[in-house]
J.: 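Take this structure first; my questions come after.
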Amino acid sequence: MDPQPKRVAVCGGGVIGVCTAYFLAKKGAAVTLIEKSSVACAASGKSGGFLALDWCDSGPLSSLARASFNLHRSLSEELNGTESYGYRPLTTLSLTITESGKQSQSSRVQNLPSWVDGPARDLRAIGSTETTAQVHPQMFTKTLLSKAVEKYGVEVVIGKVDSVGVEGGRVDSVVLEGGRVIESDSVVLALGPWSGKFEMLSSLFRVYGLRAHSIVLEPKEPDAITPHALFLSYYPAQGGKPMDPEVYPRPSGEVYLCGMSSEVEVPEDPEQIVGDPESLEVLKRVASTVSSHLVEGEALLKAEQACFLPCTDDSVPVIGEIPGVKGCYVATGHNCWGILNGPATGAAMAELIVDGQSTIVDLAQFSPARFVGRRRKG
């Protein structure tokens with residue numbers, strides 16, 4: 001062990017920042033996690049928490065997603081994830097719902113979960129309990145951070161990062177709004193969709209926010225809802241293109257529905273994020289069409305919300321050291337797979353910072369160096 005542990009400031013208290021802080025501290029670094037609002041207050045608290053082993057196999061995320069899916073399983077064993085944050089394997093189904101259709105008992109699709117009693121067709125299994133799972137994302141992020149604080153000594157600071165101190169081409173501190181300086185040997189910028197508002201990053205590449213909406217319902221008969229995630233092709237009554245909402249029952253008995261995303265400006269403050277009322281109404285209509293258990297009156301509306309998914313122009317996350325600034329690292333742009341890919345991103349970052357290279361996954365294709373010399377869009 002080094003006599004002096006490496007001091008690392010991790011900026012951002014979402015799932016990527018928390019996973020990075022956890023694995024860094026586990027490897028012996030002295031970690032300060034800096035969050036401007038509250039931990040998991042944005043997408044890491046309001047997303048679906050869906051995990052898939054092999055859904056990214058055809059693209060650059062394949063090795064990251066596979067490593068991360070397996071890490072989720074082992075973290076659940078280590079942290080009692082079943083009890084503490086709703087980790088469980090799931091069967092995942094794809095189906096078509098036509099809002100104006102009628103479901104008669106005689107035409108009912110075979111093998112449809114009993115609670116899905118709306119006008120459904122084209123049922124097929126797209127994930128098994130071996131290949132798909134879920135967590136409650138906010139509880140997962142908070143559980144991991146609690147462990148990092150209690151067992152590995154991570155310090156949490158609530159404050160807004162103003163700038164990164166650089167001396168002679170090398171990081172030496174993080175400066176907070178108000179003037180507090182946190183001296184650091186390395187800095188990780190895990191700012192999610194707010195990366196686009198941080199000049200050090202926005203001058204190199206674009207990160208934009210995709211605003212996604214969700215509602216959380218608590219049915220009167222939670223035991224009737226089986227652990228089946230639903231990916232829908234949903235045809236609205238007024239016609240037009242199908243929408244693709246997703247439905248995730250949780251072990252708590254709650255049912256989470258999401259969809260209706262669009263690119264809009266990310267507000268400065270995560271607490272200022274509000275959903276579009278029309279989009280939220282559509283999700284309520286989807287819920288009541290899918291299942292009589294989710295109709296208003298049969299289910300309590302627990303939350304209607306929105307969050308921003310951090311996206312890059314090439315749809316690939318940015319993970320690695322920033323060119324020209326030694327000791328300054330970035331981890332952002334995970335789009336809708338942030339909860340899935342949090343653990344492997346954090347473990348890879350910890351290896352990169354402490355050991356000089358990542359072995360859990362090859363980070364070359366995620367390097368921010370890929371943007372050097374490219375003209376930025378937008």
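Sequence positions, counted from 1, serve as the residue numbers for this chain.
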J.: In the structure I gave you, are the side-chain heavy atoms of Met349 and Val10 within less than 4.5 Å of one another anywhere?
T.: no
J.: Please give the remaining members of the hydrophobic cluster of Tyr208, linking ILVMFWY side chains under 4.5 Å, ordered by chain and number.
T.: none
J.: Is Leu210 isolated, or which residues cluster with it under the ILVMFWY side-chain rule of less than 4.5 Å, directly or via members?
T.: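 So far as hydrophobic clustering goes, Leu210 is joined with Leu309.
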J.: Are the charged groups of Lys26 and Glu78 less than 4.0 angstrom apart, N to O?
T.: yes
J.: Heavy atoms, side chains only, cut-off 4.5 Å: are Leu201 and Pro368 in contact?
T.: no
J.: Could you check whether His293 and Ser291, counting side-chain N and O atoms only, form a donor-acceptor pair closer than 3.5 Å?
T.: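 Judged by distance alone, the side chains do not pair up.
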J.: Could you point out which residue of Val187, Val154, Leu24, Thr32 forms a side-chain contact (heavy atoms from CB on, under 4.5 Å) with Val8?
T.: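 Of the listed residues Val187, Val154, Leu24, Thr32, the side-chain contact (heavy atoms from CB on, under 4.5 Å) partner of Val8 is Leu24.
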J.: So that I can tick it off, tell me whether Asp185 and Lys6 are bridged by a salt bridge, with the cut-off set at under 4.0 angstrom between side-chain N and carboxylate O.
T.: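 Here Lys6 does not pair with Asp185 in a salt bridge, since their nearest N and O are not under 4.0 Å apart.
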J.: Do the side chains of Pro219 and Val255 get nearer than 4.5 Å, heavy atoms only?
T.: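 A side-chain contact exists here, since the closest heavy-atom pair is under 4.5 Å.
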J.: Could you pull out the closest heavy-atom pair between Thr359 and Glu351, with the gap in Å?
T.: N-OE1, 2.6 Å
J.: Please answer whether the main-chain N or O of Gly275 pairs with a side-chain N or O of His213 as donor and acceptor at a distance below 3.5 Å.
T.: no
J.: Listing request: all ring pair (Phe, Tyr, Trp, His ring centres under 6.0 Å) pairs with a residue in residues 134-158, at least two apart in sequence or in separate chains.
T.: Tyr22-Tyr152, His72-Phe140, Tyr85-Phe140
J.: Could you tell me if the side chain of Ser292 sits less than 4.5 Å from the side chain of Asp117, heavy atoms only?
T.: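 Of all side-chain heavy-atom pairs linking Ser292 with Asp117, at least one is under 4.5 Å.
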J.: In plain terms, say whether Lys36 and Glu177 are close enough for a salt bridge, that is, a side-chain N and a carboxylate O under 4.0 Å apart.
T.: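 Looking at Lys36 and Glu177, the cut-off is not met.
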J.: Heavy-atom distance under 4.5 Å between the side chains of Lys27 and Asp355, does that happen here?
T.: yes
J.: May I ask you to say whether Arg7 pairs ionically with Glu183, meaning some side-chain N is under 4.0 Å from a carboxylate O?
T.: yes
J.: If you take all heavy atoms of Trp115 and Pro249, which pair is closest and at what distance?
T.: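 In terms of heavy atoms, the two residues are closest at CZ2-CG, 3.7 Å.
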J.: What's the shortest heavy-atom distance between Lys197 and Val266, and which atoms?
T.: CE-O, 2.8 Å
J.: Under 3.5 Å, is there a donor-acceptor pair between the Thr20 and Tyr329 side chains?
T.: no
J.: Would you call Leu64 and Phe366 a side-chain contact if the rule is heavy atoms closer than 4.5 Å?
T.: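 The answer is yes; the side chains approach within 4.5 Å.
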J.: Just checking, is any N or O donor in the side chain of Tyr248 or Glu246 under 3.5 Å from an acceptor N or O on the other one?
T.: yes
J.: What are the two closest non-hydrogen atoms of Trp337 and Cys56, and how far apart are they?
T.: NE1-SG, 3.8 Å
J.: So which heavy atom on Leu340 is nearest to which on Ala52, and how close?
T.: CD2-O, 3.5 Å
J.: So does Asp314 pair up with Arg370, basic N to acidic O under 4.0 Å?
T.: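 Yes, this pair counts.
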J.: Restricting to non-hydrogen atoms, name the atom on Val18 and the atom on Gly13 that form the minimum distance, rounded to 0.1 Å.
T.: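 Smallest interatomic distance, heavy atoms only, reads CG2-O, 3.8 Å.
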J.: Is there a side-chain contact between Val161 and Phe198, using heavy atoms and a 4.5 Å cut-off?
T.: yes
J.: So do Arg170 and Val325 actually touch side chain to side chain, heavy atoms under 4.5 Å?
T.: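 Heavy-atom side-chain distance check fails, nothing below 4.5 Å.
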